[in-house]
Asker: 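Structure provided below as structure tokens; questions to follow.
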Amino acid sequence: MAASAPIVVTEPDPALPAGARGAVGRHRRSARAGGPGWAMLRYVYSAVIFLAALFPLAWMAISGFKARNEVVSSPFQFFPDVWQPQNYVDIAADPQFLRAVGVSFGGALLFAALSLAVNSMAAYAFARLEFAFKRTIWVVVLMTMFIPGMAILLTSYIVVTRMGLLNTLAVLVVPGAAAAVHIFFIRQFYLGIPTSIEEAALIDGADRWRIFTAIFLPMSKPVFVVVGITSFLAFWNAYVWPIMTITEPDSALTQIQQYLATFRSERRIEYGLLLAGSTLAATPVIVLFLIFQRYIISGIRISGIK
């Protein structure tokens, strides 16, 4: 069999003008990437995915300007016949809405902070410490990941009732702060930190708490952002648990999802107000994601590597 001819890779001729050399380089890069046709196909595919993801948010925001009958009109219409900004004005001027947003935002920050503190300490213990029945306890912790929250909803309600936590901020923040999935996620990150750093600190006389706070916590920013955002969203979107545990009418602890539920009734649904309120309620979450998206992507990449 005749040997195939070797592939020779040459650089653009230095004698060529700079623009010509750049064009040659771009041609070779496009050829390696599959040519301009594949590049155009990737752009079209990305645009379709982007529009499909953006469509529900855009429809919700625009429907907040519609009258009630226009939201469910047939045939479907994306834009309203007459724009009605009064829906947003009424929602934004409602003191109950502002209070619900404040309670939800402050409670979500507190819940995220507590979740990071509890789960990070548990993750460090399982990643670096040795204690009796460690493997057995770790298996039990992992098993809780497969128990649906609805399965323990009634028993959790009985527990907080007997502890006298109903209609308090603690009943919204404390239950659920420790989560097996977050412990597992942070533990996997800590396992990737070289043990030589920890051993050097131990030789210098640092105790475990000093090592955790001075070495592990400063290195945990990417994974903490992911866990913190997840905990924040869990509290912000909570509905069933607050409905069960905050039973006082017009309570100061009413959250945003409970407030939005007041626009739904058996006979009539105020779609315009509901969608306007939902848009305003989603805005802080979207802004939060845009601010921390770099860290979220970094944390997802870390979890994929682990």
Asker: Please report the C-alpha distance between Ile291 and Val287 in whole Å, then the side-chain angles of each, then the deciding distance to 0.1 Å, and finally whether the side-chain contact (heavy atoms from CB on, under 4.5 Å) criterion is met.
Answerer: CA-CA 6 Å; Ile291 294 174; Val287 172; 3.9 Å; yes

Asker: Counting only heavy atoms not in Phe50, do more than 12 fall under 6.0 Å of its CZ?
Answerer: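 Not more than 12 within 6.0 Å, no.
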
Asker: Can you tell me how far apart CG (Leu142) and CD1 (Ile137) are? Round to the nearest 0.5 Å.
Answerer: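 Result: 12.0 Å between the selected atoms.
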
Asker: Looking only at non-hydrogen atoms, find the nearest pair between Met145 and Ala180 and report the distance.
Answerer: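 Shortest heavy-atom contact: CG-CB, 3.3 Å.
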
Asker: In the structure I gave you, are the side-chain heavy atoms of Met150 and Val240 within less than 4.5 Å of one another anywhere?
Answerer: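 Answer yes - side chains close enough.
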
Asker: Can you tell me how far CZ of Arg208 sits from CG of Leu129, rounded to the nearest 0.5 angstrom?
Answerer: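 Leu129 atom CG to Arg208 atom CZ measures 5.5 Å (nearest 0.5 Å).
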
Asker: Check for me, please, whether Val285 and Tyr259 land in the same ILVMFWY cluster - side-chain distances under 4.5 Å, paths through other members count.
Answerer: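 In one cluster with Val285: Tyr259, yes.
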
Asker: Report yes or no: do Leu165 and Ile243 belong to one cluster of Ile/Leu/Val/Met/Phe/Trp/Tyr joined by side chain heavy-atom distances under 4.5 Å?
Answerer: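 In one cluster with Leu165: Ile243, yes.
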
Asker: Which pair of non-hydrogen atoms, one from Ala178 and one from Asn119, has the smallest distance, and what is that distance?
Answerer: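 Distance-wise, the nearest heavy atoms are CA-OD1, 3.4 Å.
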
Asker: Can you tell me how far the OG atom of Ser251 sits from the CD atom of Gln258, to the nearest 0.5 Å?
Answerer: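 Rounded to the nearest 0.5 Å, the OG-CD separation comes out at 8.0 Å.
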
Asker: To the nearest 0.5 Å, what is the distance between CD (Glu199) and CD1 (Ile211)?
Answerer: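 Separation between the atoms: 10.0 Å.
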
Asker: Would you say Lys66 and Val82 make side-chain contact, with heavy atoms under 4.5 Å?
Answerer: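 Counting from C-beta outward, Lys66 and Val82 never come under 4.5 Å.
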
Asker: Quick one: does any side-chain atom of Trp241 pair with a main-chain N or O of Leu153 as donor and acceptor, under 3.5 Å?
Answerer: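 Such a contact is absent between Trp241 side chain and Leu153 backbone.
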
Asker: Report yes if the distance between the aromatic ring centroids of Phe189 and Phe224 is under 6.0 Å, otherwise no.
Answerer: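 No: the rings miss the under 6.0 Å criterion.
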
Asker: Looking at Val103 and Gln255, what are the two nearest heavy atoms and their distance?
Answerer: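 In this case the closest contact between Val103 and Gln255 is CG1-CG, 4.5 Å.
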
Asker: Anything under 30° is parallel, anything over 60° is perpendicular, the rest tilted; go ahead and classify Tyr124 against Phe216.
Answerer: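 Aromatic pair Tyr124/Phe216 classed perpendicular.
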
Asker: What class does the angle between the rings of Trp236 and Phe232 fall in, given that below 30° is parallel, 30 to 60° is tilted and above 60° is perpendicular?
Answerer: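 Rings of Trp236 and Phe232: parallel, as their planes differ by under 30°.
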
Asker: At what distance, to the nearest 0.5 angstrom, does CG of Leu172 lie from CG of Leu110?
Answerer: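 Between atom CG of Leu172 and atom CG of Leu110 there are 10.0 Å.
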
Asker: I'd like to know whether OH of Tyr43 has more than 12 heavy-atom contacts from other residues, nucleotides or ligands below 6.0 angstrom.
Answerer: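 No, OH of Tyr43 has 12 or fewer neighbouring heavy atoms, counting only those of other groups under 6.0 Å.
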
Asker: To the nearest 0.5 Å, what is the distance between CG on Leu116 and CZ on Phe111?
Answerer: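 Between Leu116 CG and Phe111 CZ, I get 10.0 Å after rounding to 0.5 Å.
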
Asker: Between Thr144 and Val141 (side chain of the first, backbone of the second, donor and acceptor by atom type, cut-off under 3.5 Å), is there such a pair?
Answerer: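 Yes: the side chain of Thr144 pairs with the backbone of Val141.
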
Asker: Group every Ile, Leu, Val, Met, Phe, Trp and Tyr by side-chain heavy-atom contacts under 4.5 Å, then state whether Ile91 and Leu57 land in the same group.
Answerer: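 Linked, Ile91 and Leu57 end up in one cluster.
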
Asker: Would a 4.5 Å heavy-atom cut-off, applied to side chains only, mark Ile183 and Trp138 as touching?
Answerer: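 With C-beta onward as the side chain, the pair touches.
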
Asker: Do the side chains of Tyr190 and Arg128 get nearer than 4.5 Å, heavy atoms only?
Answerer: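 Side chain of Arg128 against side chain of Tyr190, heavy atoms only: no contact under 4.5 Å found.
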
Asker: Does a side-chain heavy-atom distance below 4.5 Å link Phe105 with Phe235?
Answerer: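 Of all side-chain heavy-atom pairs linking Phe235 with Phe105, none is under 4.5 Å.
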
Asker: Membership question, hydrophobic clusters at under 4.5 Å side-chain separation (ILVMFWY): are Trp38 and Tyr45 in the same one?
Answerer: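 In one cluster with Tyr45: Trp38, no.
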
Asker: List the atom of Ala281, the atom of Leu260, and the distance in Å for their closest heavy-atom pair.
Answerer: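 Shortest heavy-atom contact: CB-CD1, 4.3 Å.
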
Asker: Would you confirm whether Thr230, through its side chain, and Val226, through its main-chain N or O, come within 3.5 Å as a donor-acceptor pair?
Answerer: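 At least one qualifying donor-acceptor pair exists.
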
Asker: If you draw a 6.0 Å radius around NZ in Lys221, do more than 12 non-hydrogen atoms from other residues or ligands fall strictly inside?
Answerer: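 It does not: Lys221 NZ has 12 such atoms or fewer within range.
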
Asker: For Ala214 and Pro218, which heavy atoms make the closest approach, and how far apart are they?
Answerer: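 Where Ala214 meets Pro218 most closely, the heavy atoms are O-CG, 3.4 Å.
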
Asker: For Ser115 and Ala177, indicate whether the former's side chain and the latter's backbone hold a donor-acceptor pair under 3.5 Å.
Answerer: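 Side chain of Ser115 to backbone of Ala177: a pair is present.
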
Asker: Quick check: do Leu275 and Phe65 have side-chain heavy atoms less than 4.5 Å from each other?
Answerer: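 Sidechains of Phe65 and Leu275: no contact.
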
Asker: Treat each ILVMFWY residue as a node, draw an edge where side-chain heavy atoms are under 4.5 Å apart, and state whether Val89 and Phe97 are in one component.
Answerer: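 No, it is not one cluster - the side chains of Val89 and Phe97 are not joined through contacts under 4.5 Å.
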
Asker: Hey, does the side chain of Asp204 reach the backbone of Ala206 with a donor-acceptor pair shorter than 3.5 angstrom?
Answerer: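 No, the answer is negative, given that no donor and acceptor are paired below the 3.5 Å cut-off.
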
Asker: For a 4.5 angstrom cut-off between non-hydrogen side-chain atoms, does Pro242 reach Gln257?
Answerer: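 Pro242 does not reach Gln257 side chain to side chain.
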
Asker: Which pair of non-hydrogen atoms, one from Asn87 and one from Gly64, has the smallest distance, and what is that distance?
Answerer: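 Heavy atoms only, the tightest pair is ND2-O, 2.8 Å.
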
Asker: With a 4.5 Å limit on heavy-atom distance, are the side chains of Thr247 and Asn167 in contact?
Answerer: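 SC-SC contact between Thr247 and Asn167 confirmed.
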
